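Encoded as structure tokens, the structure appears first; notes follow it.
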Amino acid sequence: MRNAEVCAIFRQLAAIMEILGEDPYRIRAYQRAVQNIENLPEDIADIAARGELTKIPGIGKELARKIEEILATGTLQKYEELKQKVPPGLVDILQVPGIGPKTAKLLHQQLGIKSLAELEQLAREGKLKGLPGIGAKTEENIRRGIALLRAVEERRPLGLVLPLARSVVDWLRQNTPAERVDVAGSIRRFKETVGDVDILAASRRPEAVINAFTGMPLVAEVLAQGPTKASVRTGDGLQIDLRVVSPESYGAALCYFTGSKAHNIRVRELAVRQGLKVNEYGVFRGEERIAGLTEEEVYVAVGLPYIPPEIREDWGEIEAALEGRLPELVKLSDIKGDFHVHSRYSDGASTLEEIADKARALGLQWVAVCDHSPSLKVAGGLDVPTLWKKREAVARLNAQSSGVKLLCGTEVDILADGTLDYADEVLAQLDVVVAAIHMGFKQSRQAQTQRLLAAIRNPHVHAIAHPTGRLLGEREPYELDLEQIFAEAARTGTWMEINAYYKRLDLNDVNARAAAAQGVRFVIGTDAHLLEQMEFMELGVGVARRAWLTREQVINTLSYDELIERLRAKKKGKWEG
DNA sequence: GCCGTTTTCGGCCCGACTGTTTTCAGTCG
């Protein structure tokens, strides 16, 4: 994939153009191109080879030419030229909160600052204040901004932030005169990582809500506070923004504050063309507010059906909505089972009984208990005799209980040569087989792809667990030809897992969408090793929704009886997906 | 630089908060 290469150059180029003070609309064109290219599920080189670059939204004749130049030469003439005009380190200081292109240019021209390090030194020495528009406070903010940049520059996994965000919402509901409070921003869109927490409230007494918010016990620092808007930071450095609007504007504000920014811009452009104006207070024709109470109202007013938050990314949802072909997304309440849970038989903490009880509490009908295979010694992989004991225990439990059904499964290791860690005769006697790579991450792209293809072709394998192996913030995905993998999975009717464990979310949204486009079907597994981790199912559903999946594409929506039928069909080689 | 059932030229989303300003530019989301 050379998409990242193209994006890196366009992104740098846009930053340089900002500092040089070039046409902001031209700059936005580059930034929009980056956003669209970043989320392409396929290699931009392939699209270029087909001559279809201008089919990408935001890519016209000129940008298509520039992309081709980058693909051919590895760089861009225009970029090389503009790079000469701006010191390379100067672009970095745009990352400091509070410093934009104007300030960066000023700092460079007045003080000769060329890098983040130089900025940090002069800020510490107190040499910034006195510049036009920069006083003692701005200087202090820059000092702290740099420190912050160093400390918490990474986004955090959604699964870690979501509970905190919900607890803040609950606190505001209980302790302020807010009529409504909701999480908005990227969390509401279920984006896999979170930069900051955005919360929206409706109230007739906004200042009371704001004051209570900035006085919450977990607030370590108030970053900004106005009558309707405030930002705070928690002790561990997480930023939380709150915006308060009046109740009649709540729907419009929810749209505005949920984003994505790119989606909002598209909606507003659509409104402008109809002589309307959309802001966080409503949809307006002239002075008259024609919508705003609910999100549905806002979308209808601009001529769109309601668009679910998870797909508000400007990844084609506006076009789909206009053409009446938005998918009916799979919902958490559609989910009838968990496809991947570990028990005490391997490295899980829970007994089969406890897993069944937890599943019942979650409203599930079935759970596939998939423990590790012998090669994964660190995780207590089961030898075959133990596997048979587990199978008997599962059968006993199912016979006793009329409620939740357990399936005896395995997460069998795909060995370095692509063979599986149990013999086919063993796999044939299990209810569920998910296969996964847990070692040998560093193989070549071709070898790794062949390894996974071999597992996909084994008729006993129902699904591939965490197909790319990435761990958020910890490990990059393996080198893989995903296009080939998805094509083979579709051909053989092998399902791809959306692993819902908060650090994995693998497949991710973009890859799952690409797989779906090839006809692949999916299982969602929490990979829970503790009972409470079975609650990660909603993260997996979030990924599925972001990938535009419907319930028909997700195996977890099948009842126990339907599932058993599908599993058997797969083993008989009836590859019907 | 992109884009078009009001346009192939002339538009391009919109408002809050901060700091330094004495009416607003810069930044952010």
Side-chain angles (χ1 to χ4, degrees), chain A residues 10 13-14 17-19 21-36 53-67 76 78 93-107 128-142 144-145 184-186 189 195-200 206 210 214 222-232 239-245 249 252-253 255-284 302-303 314 318 322:
Chain A
F10 280 177
L13 185 58
M17 289 166 72
E18 279 196 306
I19 293 173
E22 297 204 8
D23 177 12
Y25 295 109
R26 183 169 292 199
I27 293 166
R28 206 184 104 190
Y30 282 99
Q31 291 168 336
R32 180 152 185 247
V34 166
Q35 190 224 329
N36 286 316
L53 286 173
T54 55
K55 287 192 178 173
I56 302 169
I59 307 289
K61 237 176 110 180
E62 184 53 28
L63 281 179
R65 192 200 63 72
K66 288 192 165 76
I67 291 167
L76 189 65
K78 177 177 168 125
I93 77 172
L94 291 178
Q95 301 300 314
V96 179
I99 293 190
K102 297 287 184 347
T103 310
K105 189 176 181 182
L106 177 83
L107 291 169
L128 303 183
K129 58 179 177 284
L131 291 179
I134 296 184
K137 238 173 175 167
T138 300
E139 185 178 74
E140 173 61 18
N141 283 342
I142 289 174
R144 296 202 320 203
S186 65
R189 303 200 312 278
D196 59 13
V197 177
D198 297 310
I199 295 175
L200 179 69
I210 293 288
T214 55
V222 178
L223 301 171
Q225 180 170 6
T228 67
K229 190 174 166 179
S231 295
V232 301
Q239 183 173 331
I240 308 178
D241 297 338
L242 173 69
R243 180 75 185 270
V244 188
V245 298
S249 292
C255 285
Y256 159 78
F257 221 29
T258 297
S260 67
K261 186 176 171 177
H263 173 88
N264 286 347
I265 288 175
R266 293 294 310 279
V267 171
R268 287 173 176 181
E269 284 171 352
L270 214 58
V272 168
R273 269 180 252 150
Q274 300 168 68
L276 302 171
K277 183 177 75 169
V278 177
N279 58 27
E280 58 263 55
Y281 303 112
V283 182
F284 296 86
V302 298
D314 193 19
I318 302 281
L322 285 170

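Quantities reported herein were computed from a predicted structural model and do not represent experimental measurements.
Here A:Lys66 lies in heavy-atom contact (under 4.0 Å) with sugar-phosphate atoms only. Heavy atoms of A:Ser231 sit nowhere under 4.0 angstrom from any nucleic acid atom. A:Ile27 comes within 4.0 angstrom of nothing in the nucleic acid, heavy atoms only. Among the atoms of the strands shown, none is found under 4.0 Å from any heavy atom of A:Pro24. Among the atoms of the strands shown, base atoms are found under 4.0 Å from some heavy atom of A:Arg273.
Here the separation of B:dT8 from B:dC2, taken at their C1' atoms, is 12 Å to the nearest Å. One P atom belongs to B:dG11, the other to B:dA16, and the distance between them is 25 Å to the nearest Å. Here, B:dC12 and B:dT7 have their C1' atoms 13 Å apart, quoted to the whole Å. Between B:dC13 and B:dG4, the distance separating the two P atoms is 14 Å to the nearest Å. Atom C1' of B:dT5 sits at a distance of 24 Å from the matching atom of B:dG1, rounded to the whole Å. Here the separation of B:dT20 from B:dG26, taken at their C1' atoms, is 11 Å to the nearest Å.
An anti base is found at B:dT5: its glycosidic angle is more than 90° from 0.
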Original post:
When every nucleotide of nucleotides 19-26 of chain B is labelled 5' to 3' by its protein contacts under 4.0 Å (heavy atoms), B for base, S for sugar-phosphate only, - for none, what sequence of letters results?
Top reply: SS-----S
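Within the structure, salt bridge (charged side-chain N to carboxylate O under 4.0 Å, His left out) contacts touching residues 93-106 of chain A (residues at least two apart or in different chains) do not occur.
With sequence neighbours excluded, the residues that form a side chain to side chain contact (heavy atoms under 4.5 Å, CB included) with A:Val222 are A:Thr214, A:Val219, A:Gln225, A:Val232. Applying the ring pair (Phe, Tyr, Trp, His ring centres under 6.0 Å) test to A:Tyr30 and every residue at least two apart in sequence or in another chain returns A:Phe10. Remark: A:Asn279 pairs with A:Lys277, A:Tyr281, A:Phe284 by the side chain to side chain contact (heavy atoms under 4.5 Å, CB included) rule, at least two apart or across chains.
Atom CG of A:Leu53 and atom P of B:dG1 are 16 Å apart (whole Å). When the C1' atom of B:dG1 is taken as reference, atom CD1 of A:Ile67 falls 12 Å away, rounded to whole Å. Taking atom CD of A:Gln31 as the reference point, atom P of B:dT27 lies 13 Å away to the nearest angstrom. Spacing between atom CZ of A:Phe257 and atom P of B:dC28 amounts to 16 Å, rounded to whole angstrom units. Between A:Leu223 atom CG and B:dC17 atom C1' there is a gap of 12 Å when expressed in whole angstrom units. Rounded to whole angstrom, the span from the NZ atom of A:Lys229 across to the P atom of B:dT27 amounts to 15 Å. Spacing between atom CG of A:Asn36 and atom P of B:dG1 amounts to 17 Å, rounded to whole angstrom units. Residue A:Asp198 contributes atom CG, which lies 15 Å from atom P of B:dC17 at whole-angstrom precision.
A donor-acceptor pair is defined here as one N or O able to donate and one able to accept, closer than 3.5 Å; such a pair exists between the side chain of A:Asn36 and the backbone of A:Pro57. Judged purely by atom type and a 3.5 angstrom limit, A:Gln35 has no side-chain atom pairing as donor or acceptor with the backbone of A:Gln31.
As the counterpart of B:dC2, B:dG11 is assigned, both hydrogen-bonding distances of the Watson-Crick or G-U wobble pattern falling under 3.5 Å.
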Contacts under 3.5 Å, N or O only, protein and nucleotides 10-14 of chain B:
{"from": "B:dC13", "atom 1": "OP1", "to": "A:Arg28", "atom 2": "NH1", "distance (Å)": "2.7"}
{"from": "B:dC13", "atom 1": "OP2", "to": "A:Arg28", "atom 2": "NH1", "distance (Å)": "2.9"}
{"from": "B:dC13", "atom 1": "OP2", "to": "A:Arg28", "atom 2": "NH2", "distance (Å)": "3.1"}
{"from": "B:dC13", "atom 1": "OP2", "to": "A:Glu269", "atom 2": "OE2", "distance (Å)": "2.7"}
{"from": "B:dC13", "atom 1": "O2", "to": "A:Arg268", "atom 2": "NH1", "distance (Å)": "2.3"}
{"from": "B:dC14", "atom 1": "O4'", "to": "A:Arg268", "atom 2": "NH1", "distance (Å)": "3.2"}

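If A:Ile56 and A:Val96 are placed on DNA chain B by their nearest nucleotide, the residue sitting closer to the 5' end is A:Ile56. If A:Glu62 and A:Gln225 are placed on DNA chain B by their nearest nucleotide, the residue sitting closer to the 5' end is A:Glu62.
Set against B:dG29, B:dG1, B:dT18, the side chain of A:Leu63 has B:dG1 as its closest nucleotide.
Applying the 4.0 Å criterion to OP1 and OP2 of B:dG29, one finds that A:Thr258 has every side-chain N and O outside that range.
In this structure the side chain of A:Asp196 reaches within 4.5 angstrom of the side chain of A:Asp198, judged on heavy atoms.
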Subject >> Worked verdict on A:Gln239 versus A:Asp241 for side chain to side chain donor-acceptor pair (under 3.5 Å) >> reply: CA-CA 7 Å; A:Gln239 183 173 331; A:Asp241 297 338; 3.0 Å; yes
Original post:
Could you walk me through whether A:Lys137 and A:Glu140 pass the salt bridge (Lys or Arg N to Asp or Glu O under 4.0 Å) check?
Top reply: CA-CA 5 Å; A:Lys137 238 173 175 167; A:Glu140 173 61 18; over 6 Å; no
